[in-house]
A.B. asks: 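Quick one: structure below, then a few questions.
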Amino acid sequence: MVDIQGFRDAVTRWADGGPGDPAGVLAAQPGVRTVVLVEGLSDLAAVETLAARGGRDLAAEGVCVVSMGGAMNIGRYAGLLGPPGLGLRLTGLCDVREQPYYERGLKRAGASQEGFFVCVSDLEDELIRALGTPRVEEIVGAEGDLRAWLTFLRQPAQHGRPREQQLRRFLGTKKGRKIRYGHLLVDALEPGQVPAPLDDLLASV
C-alpha cells in the first residue's frame, strides 16, 4: 500500500514549487488511483472522519484527500495531478462562490468537472444546517468553548445575524478550530443527516 501521507506531503511541496519526482515516484507505486481536492484542512478532516465512520480506509483504497490551501489553487493542483501531470482521477468539494475558479482551473488542466460537488456556502455551513444550531451549540459547550462562544455573541457585529451564520463565523475565529470541529461535527451526524455534497463525494470514490 502506498504511503498516502507521504504522497500528500510530496504533492504539497510540489505545488509550492518543489520537485515533482517524489510525488511521481509514490504515485507510480500500486495503489494510488484517486485524489480528492478540497479547499482547506477542515474539509480534509471532515471527509476522512466520515469515511472512517463508514468503515472505509481511504489510504488502503488508494484515495488521497489533499488540501489545496484555497480554491484559487485548483488549476495548479489539477495540472500537476490530472491529465497534464500524473494522470490520476480527480474529484473533490468546492464552495458555491468558488465554483467559477474550479470550472476554469479544471478546464485548463483538461480535467473533468464530474465528481466535484458544490456546498451552498461551505462545508461548515452544510454541517451546521444538517445538525441544527441547538445541537452544534451543545457540541461547542461540550468542547469547553461555551465561554468563548458567549463572548463572541456579544460582539456588535453579531447582533441580529442568523444563528447559522454566527456559528459558521465562530468556527473560523481561532486557528485550528475549524479543523477540530470538522471532526466533531461529522462525528455528531446521525444516519440520514450527512450533507448531500459530502455524501455524494464519498459515494463517488
Side-chain angles (χ1 to χ4, degrees), residues 8 34-56 58 63-74 77-78 90-103 105-106 112-143 145 148-149 152-153 157-158 160-205:
R8 179 187 293 145
T34 300
V35 176
V36 179
L37 296 173
V38 296
E39 293 186 26
L41 291 172
S42 62
D43 303 319
L44 187 155
V47 171
E48 292 194 331
T49 299
L50 185 61
R53 275 193 56 178
R56 296 183 61 180
L58 294 182
V63 178
C64 181
V65 187
V66 173
S67 166
M68 301 182 295
M72 288 184 286
N73 294 322
I74 180 65
Y77 277 84
L90 304 179
T91 184
L93 288 173
C94 73
D95 303 343
V96 68
R97 68 180 179 276
E98 313 292 4
Q99 193 173 3
Y101 293 116
Y102 274 62
E103 291 173 350
L106 292 169
S112 173
Q113 295 180 35
E114 185 178 353
F116 283 83
F117 302 93
V118 182
C119 299
V120 172
S121 291
D122 54 24
L123 187 53
E124 287 76 27
D125 172 68
E126 295 278 356
L127 292 169
I128 290 166
R129 287 188 291 108
L131 288 165
T133 56
R135 179 70 181 109
V136 177
E137 289 187 78
E138 286 179 7
I139 296 167
V140 168
E143 283 299 299
D145 286 332
W149 168 237
F152 173 81
L153 289 177
Q158 301 308 318
R161 297 185 73 190
R163 206 57 146 193
E164 291 89 350
Q165 293 182 17
Q166 291 171 332
L167 282 164
R168 180 168 161 254
R169 180 70 186 95
F170 174 73
L171 296 184
T173 56
K174 183 179 179 182
K175 185 177 181 180
R177 183 178 282 156
K178 283 180 70 172
I179 301 170
R180 180 160 56 99
Y181 278 91
H183 288 291
L184 293 168
L185 298 185
V186 167
D187 266 338
L189 293 169
E190 299 290 341
Q193 285 188 319
V194 179
L198 192 53
D199 197 30
D200 291 343
L201 172 67
L202 284 175
S204 76
V205 298

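Just so you know, residue 1 is the first one in the sequence shown, and it goes up from there. Remember, it's a predicted structure, so these values are computed and weren't measured experimentally.
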A.B. asks: Can you list, pair by pair, the side-chain donor-acceptor contacts under 3.5 Å of residues 192-205, counting residues two or more places apart and other chains?
C.D. replies:
from, atom 1, to, atom 2, distance (Å)
Gln193, OE1, Glu190, N, 2.7
Gln193, NE2, Ala130, O, 3.3
Ser204, OG, Leu201, O, 2.6

A.B. asks: Taking only residues two or more places apart in sequence or in another chain, which ones pass salt bridge (Lys or Arg N to Asp or Glu O under 4.0 Å) with Arg163?
C.D. replies: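 Arg163: salt bridge (Lys or Arg N to Asp or Glu O under 4.0 Å) contacts with Glu137.
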A.B. asks: Report, one line per pair, each donor and acceptor closer than 3.5 Å where one atom sits in a side chain of residues 41-50; sequence neighbours left out.
C.D. replies:
from, atom 1, to, atom 2, distance (Å)
Ser42, OG, Glu124, OE2, 2.7
Asp43, OD2, Gly40, N, 3.2
Glu48, OE2, Arg8, NH2, 2.6
Thr49, OG1, Ala45, O, 2.7
Thr49, OG1, His183, ND1, 2.5

A.B. asks: My understanding is that only residues two or more places apart in sequence, or in another chain, count here; which of them pass salt bridge (Lys or Arg N to Asp or Glu O under 4.0 Å) with Arg56?
C.D. replies: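 By the salt bridge (Lys or Arg N to Asp or Glu O under 4.0 Å) rule, Arg56 matches Glu61.
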A.B. asks: What pairs with Ala142 under side chain to side chain contact (heavy atoms under 4.5 Å, CB included), at least two apart in sequence or on another chain?
C.D. replies: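 Checked Ala142 against side chain to side chain contact (heavy atoms under 4.5 Å, CB included); zero matches.
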A.B. asks: Just so I know, are the side chains of Arg177 and Phe170 near enough to count as touching, which here means a heavy-atom distance under 4.5 Å?
C.D. replies: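 A side-chain contact exists here, since the closest heavy-atom pair is under 4.5 Å.
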A.B. asks: Please enumerate all residues that pass side-chain hydrogen bond (donor to acceptor under 3.5 Å, both in side chains) together with Arg53, with sequence neighbours excluded.
C.D. replies: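 Partners of Arg53 under the side-chain hydrogen bond (donor to acceptor under 3.5 Å, both in side chains) test: none.
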A.B. asks: Would you please test Val38 and Leu123 for side chain to side chain contact (heavy atoms under 4.5 Å, CB included) and show each step?
C.D. replies: CA-CA 10 Å; Val38 296; Leu123 187 53; over 6 Å; no
A.B. asks: What pairs with Tyr181 under ring pair (Phe, Tyr, Trp, His ring centres under 6.0 Å), at least two apart in sequence or on another chain?
C.D. replies: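 If we apply the ring pair (Phe, Tyr, Trp, His ring centres under 6.0 Å) test to Tyr181, skipping adjacent residues, there are no hits.
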A.B. asks: Output a table of donor-acceptor pairs, distance under 3.5 Å, between side-chain atoms of residues 90-103 and any protein atom two or more places apart or on a different chain; print 'none' if there are none.
C.D. replies:
from, atom 1, to, atom 2, distance (Å)
Thr91, OG1, Gly115, O, 2.2
Arg97, NH1, Ser121, O, 3.3
Tyr102, OH, Leu93, O, 2.9

A.B. asks: Looking at every non-hydrogen atom in both residues, tell me the closest pair between Gln158 and Leu153 and how far apart they are.
C.D. replies: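 Reported closest heavy-atom pair: CB-O, 4.1 Å.
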A.B. asks: Could you measure the distance from the CG atom of Leu185 to the CZ atom of Arg135? Nearest 0.5 Å is fine.
C.D. replies: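 Interatomic distance, Leu185 CG to Arg135 CZ, rounded to 0.5 Å: 9.0 Å.
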A.B. asks: Does any pair with a residue in residues 164-173 pass salt bridge (Lys or Arg N to Asp or Glu O under 4.0 Å), and if so which ones, sequence neighbours excluded?
C.D. replies: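 Output for this query lists Asp122-Arg168.
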A.B. asks: Provide the closest heavy-atom pair for Leu106 versus Ser112 in the form atom of the first, atom of the second, distance.
C.D. replies: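 Scanning both residues completely, I find the closest heavy atoms to be CD1-O, 4.1 Å.
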A.B. asks: With rounding to the nearest 0.5 Å, note down the distance linking CG in Leu184 to CG in Leu189.
C.D. replies: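 The CG atom of Leu189 is 11.0 Å from CG of Leu184, to the nearest 0.5 Å.
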A.B. asks: Among Thr34, Val36, Val35, find the residue that satisfies the side chain to side chain contact (heavy atoms under 4.5 Å, CB included) test when tested with Val65.
C.D. replies: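 Per the side chain to side chain contact (heavy atoms under 4.5 Å, CB included) rule, the option paired with Val65 is Val36, out of Thr34, Val36, Val35.
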A.B. asks: Can you list everything that forms a side-chain hydrogen bond (donor to acceptor under 3.5 Å, both in side chains) with Gln113? Sequence neighbours excluded, please.
C.D. replies: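 Counting only residues at least two positions away or on another chain, Gln113 forms no side-chain hydrogen bond (donor to acceptor under 3.5 Å, both in side chains).
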A.B. asks: Measure the CG-CZ distance between Leu167 and Arg129 for me, rounded to the nearest 0.5 Å.
C.D. replies: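 Spacing of CG (Leu167) from CZ (Arg129) equals 13.0 Å.
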